[in-house]
Asks: 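For reference, the structure I am asking about is given below.
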Amino acid sequence: MHRTRPLAVPRPPAAPRSSPAEAAPPTLLVVAHGSRDPQALRTVLALLDRVRDLRPGLDVRLGHIELNQPLLPDTLDGLRGADAVLVPLLLGRGHHVKHDLPAAAAAAPSVRTRIAAPLGPHPLLVEALYGRLVEAGWDPADEGGRRAAVVLAAAGSRDPDSAQDTRRTARMLAERLGGVPVVPAYASAATPTVPAAVRALAARGRHRTFVASYFTAPGRFASAAASAAPRTAAVPLGAHPAMARLLLHRYDQALSATAPSEMVSLLASA
């Protein structure tokens, strides 16, 4: 079986050392899924630059679950003896958040780790989704209109908590749009598909349907969702300013949870 080599990025510098009198804050380790699409890595790196701009001096690093370098275990290996908060660049509770991240943290006992909650659901995500829709041609005059609708195109998961998180985001986006219907649809593992959701909305007279890309970066699923859009689809969330703010919010939220029970609560809710 042919194995695709991860795309390489420059190795980050060693974890900064601080004097005992002024300990540096824990590293913010953003955990991305990884993609064969080269635009994905560029997008994530641009997002991390936004995070650094918002909080100068904070050590911000990247680790991928698969397909891209640096892989998460390698980034953790470069943080031996340090503190780190793993912030998943993932939109809901699913296998990666519940299993892969805790397993990676357990396999790196020399790093004192905390795991933040996934990005969604959260109002900042809705802000980013709304902004991307406007960029794609959404007109505020459509809000409340009888012909307008939005399909929230997500990757899909067999985990019921992940589906629940996507549905909650769809409800929040519908409220942001003044009551315009927002229907979750999926690229894999769940139904309806994006084309099926578009057809169902058209049957209800909702012919001005936009596709909101509920993906953190470009990739195969995002491209498939965009190809099913009846008009220009919104681009993935990417390096939208609200995404950078949300990564820092999840980081701060994890730091404020000092007890293991509080960390479990973070992973169970947004």
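In what follows, residues are counted from 1 in the order of the sequence shown. All values derive from a computational prediction rather than experimental measurement.
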Asks: Does any non-hydrogen side-chain atom of Leu101 lie less than 4.5 Å from one of Ile65?
Replies: yes

Asks: Where does the angle between the aromatic ring planes of Trp138 and Phe210 fall among parallel (under 30°), tilted (30 to 60°) and perpendicular (over 60°)?
Replies: perpendicular

Asks: Go through the steps to decide whether Asp100 and Leu72 satisfy the test side chain to side chain contact (heavy atoms under 4.5 Å, CB included), and finish with yes or no.
Replies: CA-CA 10 Å; Asp100 292 343; Leu72 178 56; over 6 Å; no

Asks: Minimum heavy-atom separation for Phe215 to Ala153, with atom names?
Replies: CE1-O, 3.3 Å

Asks: Output yes when Asp74 and Arg61 qualify as a salt bridge under the 4.0 Å nitrogen-oxygen rule, no when they do not.
Replies: no

Asks: Kindly work out whether a path of hydrophobic side-chain contacts (I/L/V/M/F/W/Y, heavy atoms less than 4.5 Å apart) joins Val151 to Leu133.
Replies: no

Asks: Kindly indicate whether the side chain of Leu201, heavy atoms from C-beta on, has any atom under 4.5 Å from the side chain of Val183.
Replies: yes

Asks: Using modelled atom types only, decide if a donor and an acceptor are shared between the side chain of Arg206 and the backbone of Pro181 within a distance under 3.5 Å.
Replies: no

Asks: With a 4.5 Å limit on heavy-atom distance, are the side chains of Leu54 and Leu248 in contact?
Replies: yes

Asks: Does atom CZ of Arg52 have more than 12 heavy-atom neighbours, drawn from other residues, nucleotides or ligands, at distances under 6.0 Å?
Replies: yes

Asks: Once side chain to side chain contact (heavy atoms under 4.5 Å, CB included) is applied, do any residues pair with Ala108, and if so which ones, sequence neighbours excluded?
Replies: Leu76, Val111

Asks: Between His33 and His64, does the ring centre distance come in under 6.0 Å?
Replies: no

Asks: How far does CG of Leu48 sit from CE of Met243, to the nearest 0.5 angstrom?
Replies: 11.0 Å

Asks: So that I can tick it off, tell me whether Lys98 and Asp161 are bridged by a salt bridge, with the cut-off set at under 4.0 angstrom between side-chain N and carboxylate O.
Replies: yes

Asks: When you measure from the side chain of Ser35 to the backbone N and O of Asp37, does any donor-acceptor pair fall under 3.5 Å?
Replies: yes

Asks: Any ion pair linking Glu127 and Arg245 (charged N to carboxylate O, less than 4.0 Å)?
Replies: yes

Asks: Give the cluster check for Leu41 versus Leu237: same hydrophobic cluster or not, with ILVMFWY residues linked at side-chain heavy-atom distances below 4.5 Å.
Replies: yes

Asks: For Ala190 versus Ser157, what's the shortest heavy-atom pair and its separation?
Replies: CB-O, 4.2 Å

Asks: Any link between Val126 and Leu247 through a network of hydrophobic side chains (Ile, Leu, Val, Met, Phe, Trp, Tyr) touching at under 4.5 Å?
Replies: yes

Asks: Under 3.5 Å, is there a donor on one side chain and an acceptor on the other for Gln253 and Arg250?
Replies: yes

Asks: Verify side chain to side chain contact (heavy atoms under 4.5 Å, CB included) between Thr209 and Val150, making sure each step is shown before the conclusion.
Replies: CA-CA 5 Å; Thr209 297; Val150 171; over 6 Å; no

Asks: For Pro218 and Thr43, work out which heavy atoms get closest and say how close.
Replies: CD-OG1, 3.4 Å

Asks: About how many Å separate OG1 of Thr27 and CZ of Arg112, when rounded to the nearest 0.5 Å?
Replies: 10.5 Å

Asks: Would you say that Leu125 contacts Leu91 through its side chain, given a criterion of any heavy-atom pair below 4.5 Å between the two side chains?
Replies: yes

Asks: Could you grab the distance from atom CG of Leu29 to atom CG of Asp59, nearest 0.5 Å is fine?
Replies: 8.5 Å

Asks: Is any side-chain N of the basic residue among Asp53 and Arg50 closer than 4.0 Å to the acidic one's carboxylate O?
Replies: no

Asks: With sequence neighbours excluded, tell me which residues meet side chain to side chain contact (heavy atoms under 4.5 Å, CB included) with Ala154.
Replies: Thr166, Tyr186, Tyr214

Asks: Do His249 and Leu246 come within less than 4.5 Å of each other through their side chains, counting heavy atoms only?
Replies: yes

Asks: Would you say Leu86 and Val30 make side-chain contact, with heavy atoms under 4.5 Å?
Replies: no

Asks: To the nearest 0.5 angstrom, please state how far the OG atom of Ser188 sits from the CZ atom of Arg158.
Replies: 7.5 Å

Asks: Of the non-hydrogen atoms in Arg93 and Ser162, which two are nearest, and what is the gap between them?
Replies: O-CB, 2.8 Å

Asks: About how many Å separate CG of Leu28 and CZ of Arg55, when rounded to the nearest 0.5 Å?
Replies: 8.0 Å

Asks: Nearest heavy-atom pair of Gly34 and Leu67: which atoms, and what distance?
Replies: O-CD1, 3.8 Å

Asks: Linking I/L/V/M/F/W/Y whenever their side-chain heavy atoms sit closer than 4.5 Å, directly or via other members, would Val182 and Leu124 fall into one cluster?
Replies: yes

Asks: Hey, are the side chains of Leu89 and Val31 touching, using non-hydrogen atoms and a 4.5 Å cut-off?
Replies: no

Asks: Give me the atom names and distance for the closest heavy-atom approach of Leu119 to Pro88.
Replies: CG-O, 3.5 Å

Asks: Ignoring hydrogens and angles, tell me if any N or O in the side chain of Arg132 forms a donor-acceptor pair with the backbone of Ser213 under 3.5 Å.
Replies: no

Asks: Do Val44 and Leu62 have side chains that approach each other closer than 4.5 Å (heavy atoms only, starting at C-beta)?
Replies: yes

Asks: Carefully, step by step, assess Val235 and Glu135 under the rule side chain to side chain contact (heavy atoms under 4.5 Å, CB included).
Replies: CA-CA 8 Å; Val235 300; Glu135 292 170 358; 4.2 Å; yes

Asks: Between Asp165 and Arg168, does the side chain to side chain contact (heavy atoms under 4.5 Å, CB included) criterion hold? Intermediate values first, please.
Replies: CA-CA 5 Å; Asp165 290 344; Arg168 183 178 169 194; 5.7 Å; no

